[in-house]
Amino acid sequence: MTISVFDLFKVGIGPSSSHTVGPMRAAYLFVDGLRGDGLLDRVARVHVELFGSLGATGHGHGSVKAVVLGLAGEQPHLVDPVAADPAVRAVRDTGRLRLAGTHEIGFDADDDVVLHRRKRLEFHTNGMVFLAFDASGGELRRREYYSVGGGFVLGEDDLGNPAVVPDDTPVPYAFSTADELLAITRSTGLRISDVMLANELVRRSEDEVRGELLAIWQVMRECVDRGTRATGVLPGGLKVRRRAGELKARLDVEWASGVADPLMAMEWVTLYALAVNEENAGGGRIVTAPTNGAAGIVPAVLLYYHHFVPGADDDGVVRFLLTAAAIGLLFKENASISGAEVGCQGEVGSACSMAAAGLAELLGGTPEQVENAAEIGIEHNLGLTCDPVGGLVQIPCIERNAVASIKAITAARMAVRGDGSHHVSLDKAIKTMRETGRDMKDKYKETARGGLALNVVEC
């Protein structure tokens, strides 16, 4: 299976790639399939069931809203975050929903979307069942979908088995492990970003790759800008105050005053990460990188490069994202980027590793040093649990992104000052992450039934 850079970096809506982006995409696929098979006009009722982590934290993660929007024909990368809440409220107020934006049916979000808090489907914890019925109550279609992290959705084949549709596009430099990737760089003299770019060119021209990556970069910057201008309290009941705007105001004053603070760059990195993840928690437009819960880390480290590394330019941004994606696909193929599968080590840990690798290459690191940076980034996130208080992507998620951004920069700078040799390889660290996630109790995997989620009293 060949994973593209654009599989790891996707424009979406907060607060969760697994719980918001995935369910919205699944709902859209369901109604689009009905439309494609000429069944849409016969539908009188739709029933949806969410299982496992989706059922346990669906309300806090916006899963019900996402399902409603997807059934209405919205897609994660196109939906207007500002219009989303009013659209869902209109469905609740009227009890009517336009499937695919055209065919109106009766719909009660509380009764027609069922959240199973303690049940899961066998294939994956983030399971969904969609059913469509005609006016006589006859079943027109039943489909299962699985939101497997980062907004990726698996459907099922004609026999009802989970279906993985591999991308078998031949690429010049196929790799599935870090060792294989390093072997390619040694035999060709290419940087990791060059290897990833060469593989991307089988699908798009170089101008298209560059243009789309810079568009992703623009969305990241816009997200930070919105996050630093927004004020107030985040939705969901915890009354978490937005801090990015206030922090930026203070940093602007300190920066203008010329106060000599050797750690000022770290203050700005913290701001960037907080801004993105506050936007995510508020349901804003973000870049899934590689997940929503970890969406602040790559932008924060990229902005560190952009503002604080001499000679930073758009070419560097493109190389950063290509390098980060090469590392991200290793996690996706050999472990998981889903907090519901392996805990937050799969989300924040993977993003920290990706960002560290991207920065290390831009700091002049060799492929071996880049791999070392990626390994440091994940090694020191191993065992990280996913325990969102109240089922919301707020505590500890927002601050966790800021801390991991600093950790990624430290990992990159540490690696490029070494010679690339180290005792623990990235492949071994990823394997350890997978095994740790397998051993981790379910209550620490995005169910909000353990850790901080259990010990912090909701306000």
Side-chain angles (χ1 to χ4, degrees), residues 12-21 57 59-62 81 150 220-251 266-304 337 339 343-352 354-355 381 384-409 444 446 448 451-453 455-459:
I13 185 174
S16 170
S17 49
S18 294
H19 292 62
T20 308
V21 176
T57 61
H59 284 300
H61 281 56
M220 288 178 175
R221 288 184 292 174
E222 290 171 353
C223 182
V224 171
D225 183 57
R226 287 194 307 273
T228 55
R229 288 186 285 107
T231 59
V233 174
L234 293 169
L238 290 180
K239 299 181 181 179
V240 173
R241 178 174 56 88
R242 285 181 179 260
R243 291 176 288 174
E246 180 181 330
L247 178 57
K248 183 177 186 299
R250 293 169 57 189
L251 290 179
M266 299 299 98
E267 300 277 9
W268 284 95
V269 171
T270 296
L271 166 67
Y272 304 144
L274 292 178
V276 171
N277 284 87
E278 287 176 357
E279 275 297 287
N280 179 63
R285 187 175 180 83
I286 56 96
V287 174
T288 300
T291 68
N292 286 32
I297 299 166
V298 166
V301 178
L302 250 181
L303 280 163
Y304 166 79
I337 58 172
C344 197
Q345 59 176 353
E347 299 201 27
V348 162
S350 296
C352 180
M354 292 164 63
N381 282 290
L384 196 60
T385 60
C386 186
D387 48 357
V389 176
L392 300 166
V393 193
Q394 298 178 17
I395 302 172
C397 319
I398 296 172
E399 290 180 354
R400 186 169 285 175
N401 274 253
V403 172
S405 299
I406 303 298
K407 191 180 293 187
I409 294 170
Y444 298 119
E446 211 167 4
L452 287 176
N455 291 309
V456 175
V457 177
E458 297 179 41
C459 300

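Note that the structure is predicted; figures quoted are calculated from it, not measured.
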> With side chains defined as the heavy atoms from C-beta onward, is the minimum distance between Ile409 and Met266 less than 4.5 Å?
Replying inline: yes

> If you take all heavy atoms of Val393 and Ser16, which pair is closest and at what distance?
Replying inline: CG2-CB, 4.4 Å

> Taking only residues two or more places apart in sequence or in another chain, which ones pass side-chain contact (heavy atoms from CB on, under 4.5 Å) with Ala273?
Replying inline: Ala300, Asn401, Ala402, Ser405

> Of the non-hydrogen atoms in Pro388 and Ala448, which two are nearest, and what is the gap between them?
Replying inline: O-CB, 3.4 Å

>> With rounding to the nearest 0.5 angstrom, report the CG to OH distance, Leu384 to Tyr444.
In response: 13.0 Å

> What's the shortest heavy-atom distance between Gly150 and Ser17, and which atoms?
Replying inline: N-OG, 3.5 Å

> Between Met220 and Val298, does a side-chain contact (heavy atoms from CB on, under 4.5 Å) hold up when you go through it step by step?
Replying inline: CA-CA 9 Å; Met220 288 178 175; Val298 166; 3.9 Å; yes

> If you take all heavy atoms of Gly227 and Ala244, which pair is closest and at what distance?
Replying inline: O-CB, 3.5 Å

>> Checking Thr291 now: which residues fulfil side-chain hydrogen bond (donor to acceptor under 3.5 Å, both in side chains) with it, not counting sequence neighbours?
In response: Glu347

> How close do Pro290 and Ile337 get, heavy atom to heavy atom, and via which atoms?
Replying inline: CB-CD1, 4.0 Å

> How about Arg250: does its CZ atom have over 12 heavy atoms from other parts shown lying under 6.0 Å from it?
Replying inline: no

>> Quick one, Leu251 with Trp268, criterion side-chain contact (heavy atoms from CB on, under 4.5 Å). Give me CA distance, side-chain angles, the key distance, then yes/no.
In response: CA-CA 8 Å; Leu251 290 179; Trp268 284 95; 3.6 Å; yes

>> Taking side-chain hydrogen bond (donor to acceptor under 3.5 Å, both in side chains) as the definition, give me every residue that meets it alongside Glu446, ordered by chain and number, with sequence neighbours left out.
In response: His19, His61

>> Test of understanding: with salt bridge (Lys or Arg N to Asp or Glu O under 4.0 Å), list the residues that count as partners of Arg229, not counting sequence neighbours.
In response: Asp225

> Which atoms form the tightest heavy-atom contact between Val276 and Pro299, and what is the distance?
Replying inline: CG2-CB, 4.2 Å

> In chain order, what residues pass the salt bridge (Lys or Arg N to Asp or Glu O under 4.0 Å) check against Glu399, with sequence neighbours excluded?
Replying inline: Arg243

> From Tyr304 OH over to Thr270 OG1, what is the distance, rounded to the nearest 0.5 angstrom?
Replying inline: 12.5 Å

> Asp387 side chain to Leu452 main-chain N or O, any donor-acceptor pair under 3.5 Å?
Replying inline: yes

>> Under the rule for side-chain contact (heavy atoms from CB on, under 4.5 Å), what residues qualify as partners of Pro235, not counting sequence neighbours?
In response: none

> Among all residues two or more places apart in sequence or in another chain, which pass the side-chain hydrogen bond (donor to acceptor under 3.5 Å, both in side chains) test with Glu222?
Replying inline: Gln218

> Taking only residues two or more places apart in sequence or in another chain, which ones pass salt bridge (Lys or Arg N to Asp or Glu O under 4.0 Å) with Lys248?
Replying inline: Asp252

>> My understanding is that only residues two or more places apart in sequence, or in another chain, count here; which of them pass side-chain hydrogen bond (donor to acceptor under 3.5 Å, both in side chains) with Arg241?
In response: Glu246

> Can you list every pair that meets side chain to side chain donor-acceptor pair (under 3.5 Å) and has a residue in residues 278-289, with sequence neighbours left out?
Replying inline: Arg226-Glu279, Arg242-Glu279, Asn280-Asn292, Thr288-Asn292

> Could you state the interatomic distance from CG (Asn381) to OG (Ser350), rounded to the nearest 0.5 Å?
Replying inline: 9.0 Å

>> As an exercise, state the distance from CZ of Arg400 to CG of Asn277, rounded to the nearest 0.5 Å.
In response: 11.5 Å

> What pairs with Ala408 under side-chain contact (heavy atoms from CB on, under 4.5 Å), at least two apart in sequence or on another chain?
Replying inline: Val301, Cys352, Ala355, Ala356

> Partners of Ile395 by side-chain contact (heavy atoms from CB on, under 4.5 Å), sequence neighbours excluded?
Replying inline: Leu238, Val240, Val389

